[in-house]
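Remember, it's a predicted structure, so these values are computed and weren't measured experimentally. Sequence lines set the chain letters: A, B, ... in the order given, protein chains first and strands last, and positions in each chain run from 1.
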Protein chains: 2
Amino acid sequence: MEFEKELRKNGLKNTPHRTRIMEVLESYEVPVSAQDIYERLKEDKVRISLSTVYRTLDKLVALDFVRKLSFTGEDSALFESIRKGHRHYLVCLRCRKKTVIDKCPIKEYQETLERETDFSIEGHKLAIYGYCPACK
Amino acid sequence: MEFEKELRKNGLKNTPHRTRIMEVLESYEVPVSAQDIYERLKEDKVRISLSTVYRTLDKLVALDFVRKLSFTGEDSALFESIRKGHRHYLVCLRCRKKTVIDKCPIKEYQETLERETDFSIEGHKLAIYGYCPACK
DNA sequence: CTACATGCAAACCGTTTGCACCCTA
DNA sequence: TAGGGTGCAAACGGTTTGCATGTAG
C-alpha cells in the first residue's frame with residue numbers, strides 16, 4: 001500500500017490512528033477541521049486525543065497526503081485528502097457551505113507566470129466568496 | 001475627506017490614531033500585521049496599544065478601507081489599504097518575500113461562474129506560492 | 001528492544017474583551 | 001456632556017509541546 005510505504009520511507013510508523021484519520025478525511029466530500037475529525041472518531045468509539053489528530057495531520061501534510069486550507073471567516077484550519085484532486089471552493093459568506101469548483105482557472109496563468117518571473121512556482125490557493133442561491 | 005466622512009456616516013469618530021494607522025498602511029508596499037503597525041507607531045513615538053490597532057483594523061475592514069489577508073506559513077493576519085487596488089501576491093516559500101501580481105487571472109472566470117451557478121459572487125482570494133530567484 | 005507514537009495537561013500566541021477613564025463632535 | 005475611543009490586563013481558543021508511558025517493527 002502506497003500510504004504505508006510512504007510512511008516507512010520517512011521513518012514513520014503505520015499506526016491504527018493514522019489509518020483511521022486518513023479514512024475519515026476520505027469519507028468527507030468537503031474539508032474538515034482537526035476537531036471534526038476528533039469528534040467523528042469519538043463517535044466511532046476510537047480512543048484518541050486531539051493532539052494526536054493535530055500531530056498526524058502535520059505529518060500527512062508534510063508527506064503530501066493531505067492539503068491544509070484556510071478560509072475567511074473560518075476560525076480553524078481545514079484539511080482534505082490530496083486524492084480529491086486539485087480543487088477550489090466557492091464559499092457562501094452566510095451559511096459557510098462550500099461548493100467544489102472543478103475547473104482551475106489559474107493553471108495556465110501560473111505557467112505563464114513561471115516563464116515571466118524566474119520564480120519556481122509550487123502551487124496556489126484560491127477561494128471564491130459569495131452568497132449561495134438560498135442565502136442571497 | 002472621504003475617510004473622515006465615511007467614519008461619520010457610520011457613527012464613528014475621526015481620531016488621531018485612526019488617521020495614523022491608515023497612514024502606516026498606505027506607506028507600505030506590501031501587507032503588514034497588526035504587530036508591524038504597532039511597532040512602527042511606537043518608533044514614531046505614538047502612544048498606542050496593540051488592542052487599539054486590532055480594533056481599528058476591524059473597523060477599517062468593515063468600512064472597506066482595508067483588506068485582511070492570510071498566507072500559508074504566516075502566523076498572523078496581514079492588512080493592506082484598499083487603495084492599492086485589486087492585487088494578488090506571489091509568495092516565496094523560503095524567504096517569505098511577496099511580489100505583487102498586477103493582472104488578476106480570475107476576473108473573467110468569476111463572471112462566468114456567477115452566470116453558471118446562481119451564486120452572487122462578492123470576491124475571491126488568491127495567492128501563488130513558489131521559490132524566488134534568490135531562494136530556488 | 002529501540003525509536004517513534006500517544007494521552008494528558010500545560011504552555012503558547014495571535015486576537016478579543018471587560019472595564020475604568022479619556023476625548024471627539 | 002453623551003457616546004464612542006483607548007489602555008491595560010485578563011480571557012479566549014486554536015494549536016503546540018513536555019513528559020511519562022505505550023507500541024510498531
**Study point:** Audit row: B/Y54, B/Q35, side-chain hydrogen bond (donor to acceptor under 3.5 Å, both in side chains) steps and yes/no
**Key:** CA-CA 9 Å; B/Y54 276 110; B/Q35 186 72 40; 5.8 Å; no
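- Scanning for salt bridge (charged side-chain N to carboxylate O under 4.0 Å, His left out) contacts around A/E111 gives A/K107, with sequence neighbours left out.
- Look at CG on A/L41: it is 12 Å from P on C/dT6, rounded to the nearest Å.
- For the atom pair B/I82 CD1 and B/R67 CZ, the distance stands at 4.5 Å (nearest 0.5 Å).
- Following rounding to the nearest Å, A/L57 (CG) and D/dT16 (C1') show an atom-to-atom distance of 13 Å.
- Using a 4.0 Å cut-off between a side-chain N of Lys or Arg and a carboxylate O of Asp or Glu, B/E122 and A/R94 do not qualify as a salt bridge.
- B/M22 places its CE atom 16 Å from the P atom of D/dG5, with the value rounded to the nearest Å.
- A sub-4.0 Å separation between OP1 or OP2 of C/dC4 and a side-chain N or O of A/K59 is absent.
- For B/S33, the side-chain hydrogen bond (donor to acceptor under 3.5 Å, both in side chains) test picks out B/D36, with sequence neighbours left out.
- DNA chain C is contacted by both A/I48 and A/G11; A/G11 maps to the nucleotide lying nearer its 5′ end (nearest heavy atom per residue).
- Note on A/R87 versus A/E29: salt bridge recorded, some NZ/NE/NH1/NH2 to OD/OE distance being below 4.0 Å.
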Exercise for review: Determine, stepwise, if the pair A/Y38 / A/E43 fulfils side-chain hydrogen bond (donor to acceptor under 3.5 Å, both in side chains).
Suggested key: CA-CA 9 Å; A/Y38 175 67; A/E43 282 170 23; over 6 Å; no
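- A sub-4.0 Å separation between OP1 or OP2 of C/dT6 and a side-chain N or O of A/H17 is present.
- Using a 4.0 Å cut-off, no side-chain N or O of A/T52 falls inside it from OP1 or OP2 of C/dT6.
- Here A/E74 pairs with A/K98 in a salt bridge; the nearest charged N to carboxylate O distance falls below 4.0 Å.
- The separation between B/Y38 atom OH and C/dG14 atom P is 13 Å, rounded to whole Å.
- The rotation axes computed at either terminus of the helix from C/dC1-D/dG25 to C/dA25-D/dT1 lie 40° apart, taking five pairs at each end and rounding to 10 degrees.
- Members clustered with B/L90: A/L90, A/I101, A/I106, A/Y109, A/L113, A/F119, A/I121, A/L126, A/I128, B/I101, B/I106, B/Y109, B/L113, B/F119, B/I121, B/L126, B/I128, by chain and number, using a 4.5 Å side-chain heavy-atom cutoff among hydrophobic residues.
- When the C1' atom of D/dG3 is taken as reference, atom CG of B/N10 falls 16 Å away, rounded to whole Å.
- Aromatic ring pairs are classed by plane angle as parallel below 30°, tilted from 30° to 60° and perpendicular above 60°; the pair A/H124 and A/H86 is perpendicular.
- Using a 4.0 Å cut-off between a side-chain N of Lys or Arg and a carboxylate O of Asp or Glu, B/K9 and B/E6 qualify as a salt bridge.
- In terms of phosphate contacts, B/R47 brings a side-chain nitrogen or oxygen within less than 4.0 Å of OP1 or OP2 of D/dC8.
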Measure all distances between protein nitrogen or oxygen atoms and nitrogen or oxygen atoms of nucleotides 23-25 of chain D, and list the pairs falling under 3.5 Å.
{"residue": "D/dA24", "atom": "N3", "partner": "A/K13", "partner atom": "NZ", "Å": "3.1"}

Dump the pairs, protein N or O against N or O of nucleotides 15-19 of chain C, anything under 3.5 Å, distances to one decimal.
{"residue": "C/dT15", "atom": "OP1", "partner": "B/A77", "partner atom": "N", "Å": "3.0"}
{"residue": "C/dT15", "atom": "OP2", "partner": "B/Y54", "partner atom": "OH", "Å": "2.2"}
{"residue": "C/dT15", "atom": "O5'", "partner": "B/Y54", "partner atom": "OH", "Å": "3.2"}
{"residue": "C/dG18", "atom": "O6", "partner": "B/R55", "partner atom": "NH1", "Å": "3.3"}

